[in-house]
Structures are given as C-alpha cells and as structure tokens.
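Numbering of ligands and ligand atoms starts at 1, following listing order. In this text the structure is predicted, and so the values were computed from the model without any measurement.
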Amino acid sequence: MSAISMDQLVSLCKRRGFLFQNADIYGGLQGVYDYGPLGVELKNNLKAAWWRAMVYERDDVEGLDAAILTNRKVLHYSGHEDTFSDPMTDCRKCKGRFRADHIKDGKCPNCGSTDMTEPRPFNLMFKTAIGPVDDGSSFGYLRPETAQAIFTQFKNVVDSTSRKLPFGIAQIGKSFRNEITPRNFIFRVREFEQAELEYFVMPGEDEKWHEIWKEKRIKWWLEQGLVREHMNIYVTPKEDLAHYSKATYDIEYQFPHGMEELEGIANRTDYDLGNHTKGQDEFELFSHCHENPESTQKLCIRDEENNRWVVPFVIEPSMGVDRGVLAVMTEAYTEEDMGDGSKRIVLKLKKHLAPIKVAVIPLKKNNEQIMSKCHEIKQNLLKLGIGRVALENTGNIGKAYRRHDEIGTPLCLTVDFETIENSPETVTVRDRDTMEQTRVPVADLPNFLRDYFL
Ligand code: ATP
C-alpha cells in the first residue's frame with residue numbers, strides 16, 4: 001500500500017495548487033483537470049527529464065511536435081476508426097454506462113442491478129467538425145495517441161536528417177480519448193499527455209530492441225524516484241494485445257488505488273508504416289495491412305546489406321505524463337513523526353522534479369533592507385538556470401518551512417539581520433530532507449547551488 005490515499009493526494013494537490021478540477025466554478029468537466037502553479041512546474045520538469053534522456057542524451061533520436069487535429073484518413077488507415085474501441089455495457093435500471101471489463105459478477109457497479117445490456121463497442125475518439133460548415137462531411141479527430149503523426153512524417157524526417165536504422169522519433173503532447181469511465185483522479189482522463197518514442201529497427205531485430213527498451217525505461221523511472229518494489233512488469237497476454245501489437249510490456253506502478261499501468265512498451269512491428277505506405281505489394285510485410293490506395297509516400301528505408309527496401313519494425317515506449325506525475329507524487333509523499341506528537345509532511349521529490357528549487361525567505365516581513373537583499377539574491381540565482389526560485393514574504397519562517405516541505409522544495413534560504421550586517425554576508429540554507437541548517441556565504445551560493453542541482 002502507498003503511504004497516501006487517493007483522497008489525501010487529491011486534497012494536497014488542490015490545497016497547494018498542483019491540480020484543479022477543470023471548470024471547477026461550474027461543477028467541473030468529467031475526466032478533465034487543470035495543472036495549477038506547482039503542477040505545471042512538476043509536469044514540465046518530468047517532461048524535460050524524459051526529453052533529455054530520450055533525445056539529448058542519445059545520438060539516434062530526433063524530436064517532433066505534430067498537430068493534435070488529425071486528418072481522418074490517418075486514423076482510418078491506422079485502424080483506429082475500426083478498432084479503437086472498448087466494449088461497454090449499459091445498466092437498464094440506473095442508465096449508467098460501464099466498460100464491460102469493469103463489471104464484476106454481472107452487477108452494475110453503480111446500483112448493483114444485474115439487468116445489464118450485452119457489451120457493445122464504443123469508439124473512444126473525439127470527432128470534430130473542421131471548417132465553417134458543420135454538415136457532417138468535413139470532420140477530423142483529436143488524436144488518440146501522439147504516435148500516428150510520427151508514422152505519417154516518417155519520410156520527411158528521414159529525408160531531412162539522413163537517418164539510418166536503428167533510429168527513433170520522440171514526441172510529447174496531448175492525446176484525447178472519450179473514456180467511458182474516467183476515474184482515479186488524473187489516472188484515467190479524457191484529455192491527457194503522452195511522451196512517446198517510436199524506435200525504428202530492422203525487421204528481425206525487434207525482439208532484441210524490445211528487451212533493451214524495457215530495461216532502459218525501468219531504469220529511467222528509478223531515476224525519477226520510483227522504487228523497484230512498487231513497480232511490476234506485466235506481460236500482456238496475446239488475446240489482450242492492442243490491434244497493432246505483437247508483444248507489449250506494461251510498466252505498472254503501485255498507485256494509491258492499486259497496481260496499474262504507467263507506461264506501455266509495445267512491439268508495433270511494421271503494422272503502422274505498412275498501413276500508411278504507398279505500394280504495399282513491393283514490400284515483404286509482416287503485418288496484415290489494409291489496402292491503401294490513398295497514401296502518396298513510400299514509408300521505407302534502404303537495407304544496404306541485403307540490397308532491398310524495407311518497412312522498418314517499431315518499438316514504442318509510451319508513457320502517460322499525467323500518470324507519471326501521479327506516480328512520482330505518490331512515491332514522494334512522506335509523513336514523519338517529529339517526536340513531539342506532531343507530524344511533518346514532506347514531498348521527497350527528486351530535486352530535478354521539484355516545482356520550486358529554492359525558496360528565499362526573509363526573516364522579517366516587509367523589512368526593506370532584508371527584502372532588497374532577498375530580491376538581489378533571487379535575481380542572481382535565476383542566472384544559474386536551475387529552475388524556479390521563489391521569494392516568500394510571509395514573515396513566518398516555521399510556516400514557510402512547512403509549506404515548502406509539503407510541496408517538495410529542496411532548499412530554503414533564510415535572509416536575516418546577520419546577512420546584511422555580517423561581512424562576508426551569509427544566509428542559512430535548510431535542507432528539506434535532513435532539516436539541517438548551514439550558513440553559507442552569499443558569494444559562494446552560485447557554486448554551492450550549481451553543485452547541488454546541476
Ligand atoms: P489503459 O489500458 O490503462 O486504458 P492503454 O493500454 O490503452 O491504457 P496506451 O494506448 O498503451 O494505453 O497508451 C500509453 C500510455 O498513455 C499509457 O501507459 C498511459 O500511461 C497513458 N494513457 C492512456 N490512456 C490514458 C488516459 N485515459 N488517461 C491518462 N493516461 C492515459
């Protein structure tokens with residue numbers, strides 16, 4: 001069990017400004033959340049860590065930022081129009097609608113009635129009118145995964161970068177699924193963000209790369225603070241595989257509501273490029289693809305060794321950014337007994353993920369001399385590029401420490417009368433986890449913080 005219940009986490013997120021229900025003042029929009037002042041920082045930091053590991057630290061990956069609005073042909077030929085659906089069942093008594101695989105013992109999860117309809121497929125894609133006239137003939141979709149644009153831009157990326165196999169294309173962005181039962185806070189929502197890598201490999205090398213990416217992704221999650229004992233690798237049974245997959249590993253995490261999928265790592269074979277390519281008959285495709293008379297590009301690459309053109313296989317590590325935020329917060333949440341009957345709540349986030357890196361706190365509220373020193377220190381720290389540095393002016397140090405412990409700020413700097421009177425000037429640096437306080441000369445702060453954060 002995790003140390004925090006979902007209710008506690010939801011309440012912490014709202015109280016401290018990580019996440020809010022979308023359209024809260026109108027009663028909300030189901031399955032849609034907004035990231036608040038701290039949530040946006042945490043989410044951006046998680047995405048930056050992913051981008052750094054998947055693009056900057058590698059020599060074989062390019063980035064992409066494609067549009068959300070999607071030409072319907074893309075999702076027709078990808079197979080999503082036909083197959084991207086969940087079977088669902090209606091309760092005839094309370095009129096509730098549920099995913100068939102969420103029904104236990106044939107009973108309605110809402111009212112307990114057993115008067116349920118047979119499961120029927122329900123397409124999860126959001127359809128939207130494009131152009132000024134909404135006559136039903138001109139429509140597109142909000143993308144249900146970021147991956148498809150990577151496949152349709154495959155040739156443009158290869159041509160503009162001269163890439164050879166193996167290589168990858170990475171993308172982070174919003175995806176939309178009209179989930180039947182959004183639930184468990186930001187775990188299952190209708191608008192969410194994905195970070196996906198499509199790693200293209202020579203057919204026959206796919207299984208090897210599938211294993212490599214599984215190990216790399218587990219390691220990355222450990223670097224984000226998750227512990228291995230709270231993770232599980234689930235091998236999807238053949239009958240449950242998505243329409244494009246030959247094999248899928250799910251990295252599962254012990255969320256407050258249970259062990260569930262955090263990231264999927266699928267072997268999508270040549271299914272997607274094979275479906276989108278022009279001239280399918282010219283290739284030896286592994287997948288059974290739909291005929292495609294509409295594509296204008298051959299999505300293939302040269303295999304010099306065997307003197308042929310091939311449609312590459314693809315390995316796809318696909319993480320849910322929102323589920324990532326939920327997981328790192330769950331893991332970081334700690335309650336410490338202070339020994340005097342009181343408790344301290346600390347969000348022990350890895351420092352690269354912390355929304356605020358350093359809080360500069362004046363000992364005395366509204367004291368001009370101290371405040372001006374605080375401003376000067378903050379401006380100098382910003383130049384280091386370590387992330388957000390926040391200035392407090394509440395005048396209550398104890399309260400400020402408690403707040404920053406609870407939101408995961410690794411260091412608090414306190415500026416007091418000694419700072420401005422002493423020569424050299426010094427500040428108190430308090431560590432979130434150990435609560436140890438040390439005095440550091442102001443002139444040494446840049447080096448001290450650079451060593452600490454970078
Ligand atoms: P699930 O089985 O939980 O519905 P999935 O297997 O359909 O997920 P994928 O299509 O593999 O999910 O998408 C990759 C990742 O995107 C998932 O591992 C998850 O982290 C995230 N994701 C998918 N659907 C949602 C959603 N509705 N809300 C939040 N994140 C999601």
Which protein non-hydrogen atom lies closest to [atom], naming both residue and atom, and how far is it?
| atom | answer |
| --- | --- |
| atom 3 (O) of ligand 1 | Arg188 NH2, 2.9 Å |
| atom 22 (N) of ligand 1 | Phe192 CE1, 3.5 Å |
| atom 14 (C) of ligand 1 | Ser318 OG, 3.0 Å |
| atom 29 (C) of ligand 1 | Phe187 O, 3.1 Å |

> Which of these passes side-chain contact (heavy atoms from CB on, under 4.5 Å) with Met319: Glu193, Glu261, Glu196, Arg217?
Replying inline: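 That would be Arg217.
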> Per the side-chain contact (heavy atoms from CB on, under 4.5 Å) rule, which among Tyr199, Phe151, Phe313 passes with Arg268?
Replying inline: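 Result: among Tyr199, Phe151, Phe313, Phe151 is the only option passing the side-chain contact (heavy atoms from CB on, under 4.5 Å) with Arg268.
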Any idea which atoms of ligand 1 are less than 4.0 Å away from a heavy-atom of [X]?
| X | result |
| --- | --- |
| Gly264 | 18 (O) |
| Glu179 | 24 (N), 26 (C), 27 (N) |
| Leu262 | 18 (O), 20 (O) |
| Gln194 | 13 (O), 14 (C), 15 (C), 16 (O) |

>> Tell me the contacting part of Glu263 for ligand 1: side chain, backbone, both, or neither, using a 4.0 Å heavy-atom threshold, strictly below.
In response: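 Near ligand 1, Glu263 shows its backbone, while the atoms from C-beta on stay back.
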Hey, are [X] and [Y] close enough for a salt bridge, meaning a charged N less than 4.0 Å from a carboxylate O?
| X | Y | value |
| --- | --- | --- |
| Lys348 | Glu331 | no |
| Glu406 | Arg403 | no |
| Arg97 | Asp90 | yes |
| Asp337 | Arg344 | no |
| Arg52 | Glu57 | yes |

Winner among [options] once heavy atoms are compared against [atom]:
| atom | options | value |
| --- | --- | --- |
| atom 21 (C) of ligand 1 | Ala327, Gly320, Ser245, Gly324 | Gly320 |
| atom 8 (O) of ligand 1 | Glu252, Glu196, Glu261 | Glu261 |
| atom 26 (C) of ligand 1 | Thr248, Thr236, Val189 | Val189 |
| atom 7 (O) of ligand 1 | Arg177, Glu145, Arg323 | Arg177 |

>> Would Tyr244 count as being in polar contact with ligand 1, using the rule that some N or O on each side must be under 3.5 angstrom apart?
In response: no
> Below 4.5 Å, heavy atoms only, C-beta onward: do Lys351 and Leu353 meet side chain to side chain?
Replying inline: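 A side-chain contact is absent here, since even the closest heavy-atom pair is not under 4.5 Å.
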>> Nearest 0.5 angstrom please: Leu347 CG to Tyr333 OH, how far?
In response: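 Answer rounded to 0.5 Å: 9.0 Å.
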